[in-house]
Amino acid sequence: MYNTFIFDLDGTLLDTLRDLASSVNYALRQHGMPVHSLDDIRRFVGNGVRLLMERSVPLGSANPEFKAAFATFREHYMHHSLDTTRPYDGIPETLAELRRRGCRIAVVSNKMMAATEALCRHFFADTVEVAIGEHEAEGIRKKPAPDTVVEALRQLGEDGEDAVYVGDSDVDIQTALNASLPCISVLWGFRDREFLLSHGADTMIEHPRELLSFAGPKRV
């Protein structure tokens with residue numbers, strides 16, 4: 001039983017895929033590059049927006065236009081991150097019930113810090129207590145390094161003894177392992193059951209309300 005829930009954002013709490021794909025393809029078109037399908041973008045996400053663009057741009061960061069295309073993506077996404085993005089069915093109600101039971105809730109993401117904070121304020125202002133995105137300027141490594149999880153626990157004032165990590169990808173499984181936390185993998189996100197099993201998932205759920213069965217009082 002857990003009292004502190006550390007969530008991934010994209011593919012776990014929010015379906016952000018279409019807005020990410022739209023901004024990627026906008027940047028690619030602006031710089032004369034071929035665009036990608038939604039399924040392509042689904043495969044590319046999970047390791048932060050820079051790697052998303054490295055996977056999307058021909059030749060990746062070696063492309064002379066990469067820096068400009070990446071800047072175009074970032075600017076476009078900050079203005080369009082709410083176009084179609086929505087919480088997955090059952091997420092708002094589940095978060096509200098977790099808080100009602102006294103659980104602590106944080107989000108850690110490889111998304112840009114400004115976008116992570118803005119999305120959490122917009123959708124989860126009453127339930128998410130701490131939201132942490134890319135922190136490169138402050139020397140905090142992105143997932144799968146444990147740094148953002150450790151920082152989230154610090155801001156919550158929790159030691160992690162009653163904490164669990166919840167995510168939808170192999171990066172999340174590795175992040176939980178690196179942070180010495182158990183991991184709950186969700187099956188409504190960007191990766192399927194077979195993929196998650198092949199990357200070491202041992203606890204999987206099909207609907208957000210199943211998280212409530214893991215919620216319990218803090219140990220004393």
Side-chain angles (χ1 to χ4, degrees), residues 5-31 33 35-57 68-99 105-137 140 142-143 148 151-152 155 166-169 171-172 175 186-191 207-209 211:
F5 289 77
I6 310 294
F7 288 93
D8 172 53
L9 188 60
D10 297 49
T12 301
L13 298 181
L14 295 177
D15 185 354
T16 56
L17 188 61
R18 284 171 176 78
D19 285 340
L20 286 168
S22 176
S23 291
V24 167
N25 285 333
Y26 173 84
L28 295 176
R29 285 193 296 268
Q30 290 297 108
H31 294 275
M33 302 174 187
V35 299
H36 291 282
S37 70
L38 197 64
D39 282 342
D40 288 338
I41 302 300
R42 185 189 302 275
R43 291 194 300 273
F44 296 163
V45 298
N47 297 87
V49 291
R50 181 179 175 87
L51 191 52
L52 167 62
M53 286 302 292
E54 287 181 2
R55 291 165 171 166
S56 301
V57 170
F70 186 34
T72 299
F73 162 82
R74 289 173 67 99
E75 181 179 2
H76 187 272
Y77 186 69
M78 286 306 301
H79 288 92
H80 295 275
S81 63
L82 291 171
D83 287 0
T84 65
T85 289
R86 297 291 183 272
Y88 289 100
D89 289 345
I91 285 293
E93 298 84 355
T94 297
L95 295 186
E97 179 60 19
L98 287 173
R99 291 293 290 136
I105 297 176
V107 164
V108 294
S109 175
N110 279 342
K111 187 186 288 294
M112 298 173 288
M113 175 64 87
T116 299
E117 292 177 331
L119 288 168
C120 286
R121 280 196 305 269
H122 183 83
F123 290 109
F124 310 120
D126 296 331
T127 49
V128 171
E129 301 171 81
V130 171
I132 297 176
E134 281 191 333
H135 245 281
E136 293 176 1
I140 297 178
K142 69 180 183 179
K143 301 184 298 183
T148 49
E151 176 63 14
Q155 291 189 31
V166 184
D168 75 305
S169 72
V171 174
D172 296 317
T175 299
V186 308
L187 295 173
W188 57 79
F190 298 161
R191 304 290 186 262
H207 192 278
R209 65 175 173 266
L211 286 169

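Basis for what follows: all heavy atoms, side chains included, without hydrogens, waters or symmetry-related copies.
The shortest non-hydrogen separation linking Tyr88 to Gly189 is OH-CA, 4.0 Å. Considering all non-hydrogen atoms of both residues, Ser23 and Tyr77 come closest at OG-CA, 3.3 Å. The heavy-atom pair separating Arg191 from Arg42 by the smallest distance is NH1-O, 2.7 Å. Looking at every heavy atom in both residues, Ile132 comes nearest to Ala152 through CD1-N, 3.5 Å. Heavy atoms only, all atoms of each residue included: Phe44 and Arg55 are closest at O-NH1, 2.6 Å. Annotation for His76 and Ser22: closest pair CE1-OG, 4.1 Å, computed over non-hydrogen atoms.
Shown here is Glu93, whose CD atom has more than 12 heavy atoms of other residues, nucleotides or ligands within 6.0 Å. Surrounding CG of Asp89 are at most 12 heavy atoms belonging to other residues, nucleotides or ligands under 6.0 Å away.
Side chains of Pro92 and Leu95 form no contact here, defined as non-hydrogen atoms less than 4.5 Å apart. No side-chain heavy atom of Leu28 sits under 4.5 Å from any side-chain heavy atom of Phe73.
Distance check: Leu13 CG to Leu119 CG gives 10.5 Å after rounding to the nearest 0.5 Å. Taking CZ of Phe5 as the reference point, atom OG1 of Thr127 lies at 13.0 Å (rounded to 0.5 Å). Between the CG atom of Asp15 and the CG atom of Leu17 there is a distance of 6.5 Å, given to the nearest 0.5 Å. Atom OG1 of residue Thr116 and atom CZ of residue Arg121 lie 10.5 Å apart, to the nearest 0.5 angstrom. Annotation: the span from Met113 atom CE to Ile140 atom CD1 amounts to 7.5 Å, rounded to 0.5 Å. Expressed to the nearest 0.5 Å, how far OG of Ser109 lies from CD of Glu134 amounts to 8.0 Å.
Checked options Thr148, Asp8, Asn110; the residue passing with Lys143 is Asp8 (criterion: side chain to side chain donor-acceptor pair (under 3.5 Å)). In summary, of the residues considered (Ile6, Leu9, Thr175, Val130), a side-chain contact (heavy atoms from CB on, under 4.5 Å) with Val108 occurs for Ile6 alone.
A donor-acceptor contact shorter than 3.5 Å links the side chain of Asp172 to the backbone of Asp168. Remark: side-chain polar atoms of Trp188 are not paired, donor with acceptor, to backbone N or O of His207 under 3.5 angstrom.
At least one test fails for Arg29 against the ring of Tyr26: distance under 6.0 Å to the centre or angle within 45° of the axis.
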Kindly determine whether Ile91 and Phe124 satisfy side chain to side chain contact (heavy atoms under 4.5 Å, CB included), including the steps that lead there. CA-CA 10 Å; Ile91 285 293; Phe124 310 120; 3.8 Å; yes

Check against side chain to side chain contact (heavy atoms under 4.5 Å, CB included), Leu52 and Ser56: CA-CA 6 Å; Leu52 167 62; Ser56 301; 4.0 Å; yes

Go through Arg99 and Glu129 one step at a time and tell me if the salt bridge (Lys or Arg N to Asp or Glu O under 4.0 Å) criterion holds. CA-CA 10 Å; Arg99 291 293 290 136; Glu129 301 171 81; 3.5 Å; yes

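A donor atom on one side chain and an acceptor atom on the other are found under 3.5 Å apart for Asp19 and Thr85.
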